[in-house]
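Whatever order the structure lists ligands and atoms in, that order sets their numbers, starting from 1. Everything numeric here is computed off the predicted structure, so don't read it as measured data. Values reported hereafter were calculated over all heavy atoms of this structure, with side chains retained and with hydrogens, waters and symmetry mates removed.
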Amino acid sequence: MAGISNVEDDQFCFSSSNFSVQELVKQPIKTIPQHYVRQPVPSAPYGGRPSQMLPTIDMNRLVSGKDFDVELGKLHSTCKDWGFFQLVNHGVSISILEKVKHEVEGFYQLPLEEKMKFRIREGDAETEGYGTIERDGGKFDWADRFFVTVNPIHKRKQHLFPELPSSLRNTLESYILEVQKLGKKLLCLMAKALEMEEKEMECFDDGMQSLRMTYYPPCPQPELVMGITPHSDSSLITVLHQLNSIDGLHIHKDGVWLPVSFLPNALVVNVGDNLEIFSNGVYRSIEHKVVPNAEKERLSLAFFINPKFEVGVGPSPSLINPQNPPLFKRVSLDQYVKGFFSQKLNGKSYLQNMRIDDNGDGEDNNSA
Ligand SMILES: O=C(O)CCC(=O)C(=O)O
Ligand SMILES: [Fe+2]
């Protein structure tokens, strides 16, 4: 079994920044290796009052017509004030959620050599594939992840999704179809709540989508590490399936970190930077992070939904008028995604780069 001693052996020498935390914890850990220790230890207070539960949105109410206006109003205010919610009655079948859990667990149980076939390749600007990622200051997250573009199909990298074990691939294909439908419905509802023109909703068809399946091994001193560095997502929306029901997600709200409790049969949905831009700042992407569990592994599957590739990133034209000038630049999706991945994950810093300068020229001065 590979352990700390051979973590940097031949299998890993393609890049010292890519090795597996899952392998590391296969041997007892006396002290957390320095490259995982975050200093200073995050000191933001926990605001975990039991009453501070994430809002819940009921998809049934949004599709059945009954209580539609009330629920749409709730969706709108939640996207403005929270940027995160639990989605119940979402329509994704429980059997597919269970199957995805089983298959992703199976992927992480594969021998390391098998997973390494999918390793992140040097020079991949979007860091697609299997591995860990170096964050600012040379520190690493306490997690192994597999990140992959799944839509449009021609953007799939041949050595990644098509090469996955067939049962995982087929299960993910079914999951993708269901979450695509759900994502489109949700985005159209948000667009309606924002009072955007119907025509603009076409950009939600056949959008750019990616998946991240993440394995957070147990950590004997979770307070010293980060499962995932505080960040906001670059997407329009993200649909999160907390595969094995283990808590760990925290969101940054009103200056405090709130733990999100797992809600059975719910999916967690969050507003990403792209939707903050698209809604011209009406909806807010929210910083979040993951704290690993001291005893148990945690697995999650995040599905990132963006608009159609050709549409680009910028405020929706129907929301712009003399009273509401554009707050963000317009760039191509390619430029946006490359810019996002070319810098180290750091809270909402990338969104700042997209803001129109004080001189309001709307030019893309983004050097990222
Ligand atoms: O694992 C989680 O709960 C969150 C993952 C996440 O934030 C991400 O993949 O962007
Ligand atoms: Fe995220």
J.: Using a cut-off of 6.0 Å, state whether more than 12 heavy atoms not belonging to Arg121 lie near its atom CZ.
T.: no

J.: Which atoms of ligand 1 sit under 4.0 Å from any heavy atom of Phe304?
T.: 8 (C), 9 (O), 10 (O)

J.: May I ask you to identify, for Arg145, whether its side chain, its backbone, both or neither come under 4.0 Å of ligand 1 on a heavy-atom basis?
T.: neither

J.: Which bit of Leu240 gets closer than 4.0 Å to ligand 1, counting heavy atoms only: side chain, backbone, both or neither?
T.: side chain

J.: Of all the N, O or S atoms in Asp233, which has the shortest distance to the Fe ion (ligand 2)?
T.: OD1

J.: Are the charged groups of Lys101 and Glu98 less than 4.0 angstrom apart, N to O?
T.: no

J.: Any nitrogen or oxygen of Thr214, main chain or side chain, under 3.5 Å from a nitrogen or oxygen of ligand 1?
T.: no

J.: So does Glu195 have more than 12 non-hydrogen atoms from other groups sitting under 6.0 Å from CD?
T.: no

J.: Could you tell me, atom by atom, which parts of ligand 1 come under 4.0 Å of a heavy atom of His288?
T.: 7 (O)

J.: Any idea which protein heavy atom is nearest atom 9 (O) of ligand 1, and the distance to it?
T.: Arg212 NE, 2.9 Å

J.: Under 3.5 Å, side chain of Asp247 to main-chain N/O of Phe262, donor-acceptor pair present?
T.: yes

J.: With a 4.5 Å heavy-atom cut-off, do Phe303 and His241 have their side chains touching?
T.: no

J.: By number and element, which atoms of ligand 1 are closer than 4.0 Å to a non-hydrogen atom of Ser300?
T.: 1 (O), 2 (C)

J.: Please list, in number order, the atoms of ligand 1 under 4.0 Å from a heavy atom of Ala302.
T.: 9 (O)

J.: Considering only heavy atoms of Val290, which atoms of ligand 1 have at least one such atom less than 4.0 Å away?
T.: 1 (O), 2 (C), 3 (O), 4 (C)

J.: Measuring from non-hydrogen atoms of His231 to any atom of ligand 1, is the shortest distance under 4.0 Å?
T.: yes

J.: Should the proximity of Gln242 to ligand 1, defined as any heavy atom under 4.0 Å, be assigned to the side chain, the backbone, both, or neither?
T.: neither

J.: Do the ring centers of His252 and His288 come within less than 6.0 Å of each other?
T.: no

J.: Where the Fe ion (ligand 2) is the corner point, what angle links NE2 of His288 with NE2 of His231, to 10°?
T.: 90°

J.: Take atom NZ of Lys308 as the centre, draw a 6.0 Å sphere, and report whether it contains more than 12 heavy atoms from other residues, nucleotides or ligands.
T.: yes

J.: Starting from atom 5 (C) of ligand 1, what is the nearest protein heavy atom, named by residue and atom, and what distance separates them?
T.: Tyr216 OH, 3.6 Å

J.: Thr132 and Asp141: side-chain contact (heavy atoms from CB on, under 4.5 Å), yes or no, with the steps?
T.: CA-CA 7 Å; Thr132 53; Asp141 289 347; over 6 Å; no

J.: Between Glu113 and Lys117, is there a salt bridge with N-O shorter than 4.0 Å?
T.: no

J.: Taking side chain as C-beta onward, heavy atoms only, is Met196 less than 4.5 Å from Leu319?
T.: yes

J.: Which part of Thr238 is near ligand 1, with near meaning a heavy atom under 4.0 Å away: side chain, backbone, both or neither?
T.: neither

